[in-house]
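These numbers come from a predicted model, not from an experiment. The analysis underlying the following values was restricted to heavy atoms, covering all of them including side chains, and did not include hydrogens, waters or symmetry mates.
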Amino acid sequence: MATDTKRRLVIVESPGKVRSIAQYLGEGYLVEASIGHVRDLPTGAAEVPAKYKGEKWARTGVNVENDFEPLYVVQADKKATIRKLKDALKGVDELYLATDGDREGEAIAWHLLQELKPKVPVKRMEFHEITPDAIRAAVAAPRELDTDLVDAQETRRILDRLYGYEVSPVLWKKVMPRLSAGRVQSVATRLVVDKERERMAFRSASYADLEVTLDAAGHDPDSFTARVATAAGLKVASGRDFDSLGKLTTKAVHLDLEGGQALADALAGASVIVDSVEAKPYTRRPYPPFRTTTLQQDAGRKLGFTAQRTMSVAQSLYEGGFITYMRTDSVTLSGSAVAAARAQVKELYGASYLPEKPRVYSSKVKNAQEAHEAIRPAGDNFRTPQETGLRGDEFRLYDLIWKRTVASQMKDAEGQTVTIAMTATPSAAVEVADATTGEVRALDRAGLSASGRTITFPGFLKAYVEARDEGDADDATANLPAVEKGEKLAVAGVEAEDHATRPPARYTEPSLVAKLEELEIGRPSTYASIIRTITARDYVFKKGSALVPTWLAFAVTRLLEDHFTELVDYQFTAGMEDILDEIAKGNADRVQTLKNFYFGSDGRDGLDSLVNDLGEIDARALSTFHPVGGEESGIAVRVGRYGTYVEDADGNRANVEEDLPPDELTVEKARELLATPAGMERELGADPASGNAVVAKNGRFGPYVTEVLPEGSPKSAKPRTASLFKDMSLETVTLDQALQLMSLPRVVGAIDGEEVTAQNGRYGPYLKKGTDSRSLENEDQLFTVTLEEATAIFAQPKTRGRRAAVAPLKELGNDPVSGKPIVVKDGRFGPYVTDGETNATLRKADSIEEITPERAAELLAEKRAKGPAPKKTPTRRTTTRKAPAKKSAAKK
DNA sequence: CAGTGAGCGAGCTTCCGCTTGACTT
């Protein structure tokens, strides 16, 4: 065989794989990483190349009128990667695109091809585990790029862009700026909202049950407990017999504590006979190895990690070569991993714990793409946690992964479940009233039941026990004595216990992610960031580990449900995945798919017509709710721009705390809020002149001071109020300052017989003379300005604002169109260029230092092309003053 | 949500999925 002297470049996605793959391939192979995607649709106007700027579709980067042609740009932070790959390409004879073997990986390969434009032969190489055999086999059997699969990815990408960039602006107009909607986040939010709705509609039922302690002398153990399961042949109601409205759904006796106590008393001296003893074998299989979601769930439950923390610790374990790739939907172990796990089982637990054949797991995830292995310890020989030398979070997470992997190759746990049924006959019949119907029943006998489980062989449980969420506790593990049918037992004690049914539990981070996975929404690489997004938008907040929706989420979800019903349907993504699969197989057409989505089909409205028909969306109605149980209360809960508030029929309002879960906003709570004045209030003291208390409050327009008029003051009497100056704060303002502020407006004097006053207003401090007014430079002038100065100010024209006199920052020659000189000026909205007629603000990418005359002319031309600014629609009264600070989610 | 008078160059916000450093404290 001739020596192969060809040099080849292999491009993978993750830099973490480069070293081992290079090692497996040996000489002649140069391995580099693309570090994920290299191109994408432009994020915003700043990324759109100049030649497309004027296009209608530049905002989304998708030309919907030309078969949804996408515009791709190499993001700034990827330019260096492309340059590096191009350099690497220069010295090779062949290119192997070894990006992940899934939809996104195929697209990355295609984008690389488009950007690198290689002159050498190109092959697509695919592998699903990083072992020497797998890598060598992959390089020996390359394939062609699958353009159908790329089509499927592009369809997914374009659809997500159109959804996100068309629907979000609807929310800006109708609810609040900066909000967002998207295929994944909007459904995630809706899930959390729906759960809260269930909790709000939930009505608790209370019921009693009885626990009987039985004497089993002569056995081991010599006593055990049983439940009263039936009374007079009828089932005794327990939690699962009630529906979410607290109604009994089965034919059963509903005991209240009193009835339970009466029955308990009657059973205290009862004789008990064993009716049956049933033993069933019990086996339990180990859990499959971890994938991203199950790792996040278990690390959340056992280690208390957030999804984000889990992923960040896993990332460092991956980079350190301790575990395999952590973003995966596969539960498959490579052959060498199975061998490693089995070797370790034998070594640590003995051959009796090892199944004859390796266990094989297959993914239950419907849209699993299986580009990677399961998450497991790296290598062909697993290191025990102690051997790794890891510490802290890394040790704990590795330990979890190691145990789960080893346990997945162990034998089933085996044991028995035993159920004992007994009849108790009270010494005298007792009468008990049914708590639901009021019917009085004579209870002459009760059926008792006890169950327990014994483990005879622990199997995998020796290595690993999965933690459970609270609420599904498995308490049937008690060990029971070996009593026999017909045996008589004595009652050692009876206790009646009161219970109440509980509303469905809220989602936690891991349980929401698990639900999303079940609905085929989101991908392993995004699970952690989904929660970050809906938290950053203030749709959801955490209370302990529970995810609680805000009223804002209720408003947004309702808007989407009412007007974009299909888009927040829980099956929407699953349906989309089916179509994408058809595209990937070459059975469906991407353009037709996108047309159906965007322009509609068979009488169904498309996205385009939905977002362009906003007249019907009644923002006020969408943002109005009732407190829990308060449909008739006359109290409304409203989501406003400054937060959520309650309002009664008289128009009284009160803020709702941001961290109050919606299901706790009952009518009583709303009344309580309305009874106590809104927001923070600080007493500053009494005005020595009037004796009135002076308080500082937060209002619609920011912090202000006001006085409390004595009770019985005439209704026409208005308290003096005044906004704080900008350099004052609610926490530190003093009584003296407050009194001075409230002394405004100050009469400065008179000009031409007209009184001049200095006062603080909506646009800041100003002088007023009849109907004429002038702004003041600063707030202190309200107290210091003299009549002389005021006269001079009124002698100036009105536009003597601080901006007018500002000199140009830079001159940029003459505009080629108007012929007039272009200058850069600093204005209210930051730097802008102007030729005296047309003004254009500099974009994010521009700077005063670097702007060229050409760029300035371009900005002006763009602005002229847009025509006159659209007439502002009359908005509700707003203010330039800052809204009360909202918890702002720091964006990374 | 307190209650008060101008006229002025707007542009940007936003999606989902793939992958790591480079930043600052």
Check the distance between [N]'s [atom2] and [X]'s [atom1] and give it to me in whole angstrom.
X	N	atom1	atom2	value
A:Met742	B:dA2	CE	P	16 Å
A:Leu560	B:dT14	CG	C1'	13 Å
A:Ile158	B:dC15	CD1	P	18 Å
A:Glu517	B:dG17	CD	P	13 Å
A:His37	B:dG17	NE2	P	10 Å
A:Leu674	B:dC1	CG	P	13 Å
A:Lys78	B:dC18	NZ	P	13 Å
A:Asp160	B:dC15	CG	P	11 Å

Among A:Arg83, A:Arg39, A:Lys78, which one satisfies salt bridge (Lys or Arg N to Asp or Glu O under 4.0 Å) with A:Glu115? A:Arg39

Here's a test for you: under salt bridge (Lys or Arg N to Asp or Glu O under 4.0 Å), which of A:Glu104, A:Glu577, A:Glu106 qualifies with A:Arg156? A:Glu104

When you check the phosphate oxygens OP1 and OP2 of [N], does a side-chain N or O of [X] lie under 4.0 Å from one of them?
X	N	answer
A:Arg523	B:dC18	yes
A:Arg537	B:dC15	yes
A:Arg843	B:dC12	yes
A:Arg178	B:dT14	yes
A:Thr721	B:dG3	no
A:Tyr527	B:dG17	no
A:Gln185	B:dC15	yes
A:Arg653	B:dC1	yes
A:Thr526	B:dG17	yes
A:Arg327	B:dG17	no

Assign [X] to base, sugar-phosphate, or nothing according to its heavy-atom contacts below 4.0 angstrom with the strands shown.
X	result
A:Ala46	nothing
A:Gly36	base
A:Ser168	base
A:Arg156	base
A:Pro719	nothing
A:Gly105	nothing
A:Leu171	nothing

Neighbour count >12 (heavy atoms, 6.0 Å) for atom CZ, A:Arg19: no

Map A:Thr43 and A:Asp100 onto DNA chain B by nearest heavy atom, then report which one ends up closer to the 5' terminus. A:Thr43

Pick the closest DNA chain B nucleotide for A:Gln315 and for A:Val167 by heavy atoms, then say which residue is nearer the 5' end. A:Val167

Can you tell me which nucleotide in [options] comes closest to the side chain of [X]?
X	options	value
A:Glu13	B:dC18, B:dG3, B:dT14	B:dC18
A:Asn655	B:dC1, B:dT13, B:dG17	B:dC1
A:Arg157	B:dC15, B:dG17, B:dT19	B:dC15
A:Tyr766	B:dT14, B:dT19, B:dT4	B:dT4
A:Ser14	B:dT4, B:dT19, B:dA2	B:dT19
A:Thr841	B:dC15, B:dC18, B:dG11	B:dG11
A:Tyr165	B:dT13, B:dC15, B:dC16	B:dC15

Could I get the full list of side-chain hydrogen bond (donor to acceptor under 3.5 Å, both in side chains) partners for A:Ser525, not counting sequence neighbours? none

Who passes side-chain hydrogen bond (donor to acceptor under 3.5 Å, both in side chains) against A:Thr43, sequence neighbours left out? A:Glu47

Measure the distance between the ring centre of A:Tyr704 and the centre of the six-membered base ring of B:dA2, then answer whether it is under 5.5 Å with planes under 30°. yes

Check whether the aromatic ring of A:Trp172 stacks on the base of B:dT13, taking stacking as ring centres less than 5.5 Å apart and planes within 30° of each other. yes

Charged N to carboxylate O under 4.0 angstrom, A:Asp160 versus A:Arg183? yes

Please list, chain by chain and in numerical order, all residues satisfying side-chain contact (heavy atoms from CB on, under 4.5 Å) with A:Tyr598, sequence neighbours excluded. A:Val64, A:Phe68, A:Leu162, A:Glu166, A:Leu607, A:Asp608

For A:Ala307, check side-chain contact (heavy atoms from CB on, under 4.5 Å) against everything at least two apart and list the hits. A:Gln296, A:Glu509, A:Ala528

Stems for DNA chain B (at least 3 consecutive Watson-Crick or G-U pairs, under 3.5 Å) come to none

Quick one: list whatever passes salt bridge (charged side-chain N to carboxylate O under 4.0 Å, His left out) with A:Glu370, sequence neighbours left out. none

Can you name the nearest heavy-atom pair linking A:Val184 to A:Gly522, along with the distance? CG2-N, 4.0 Å

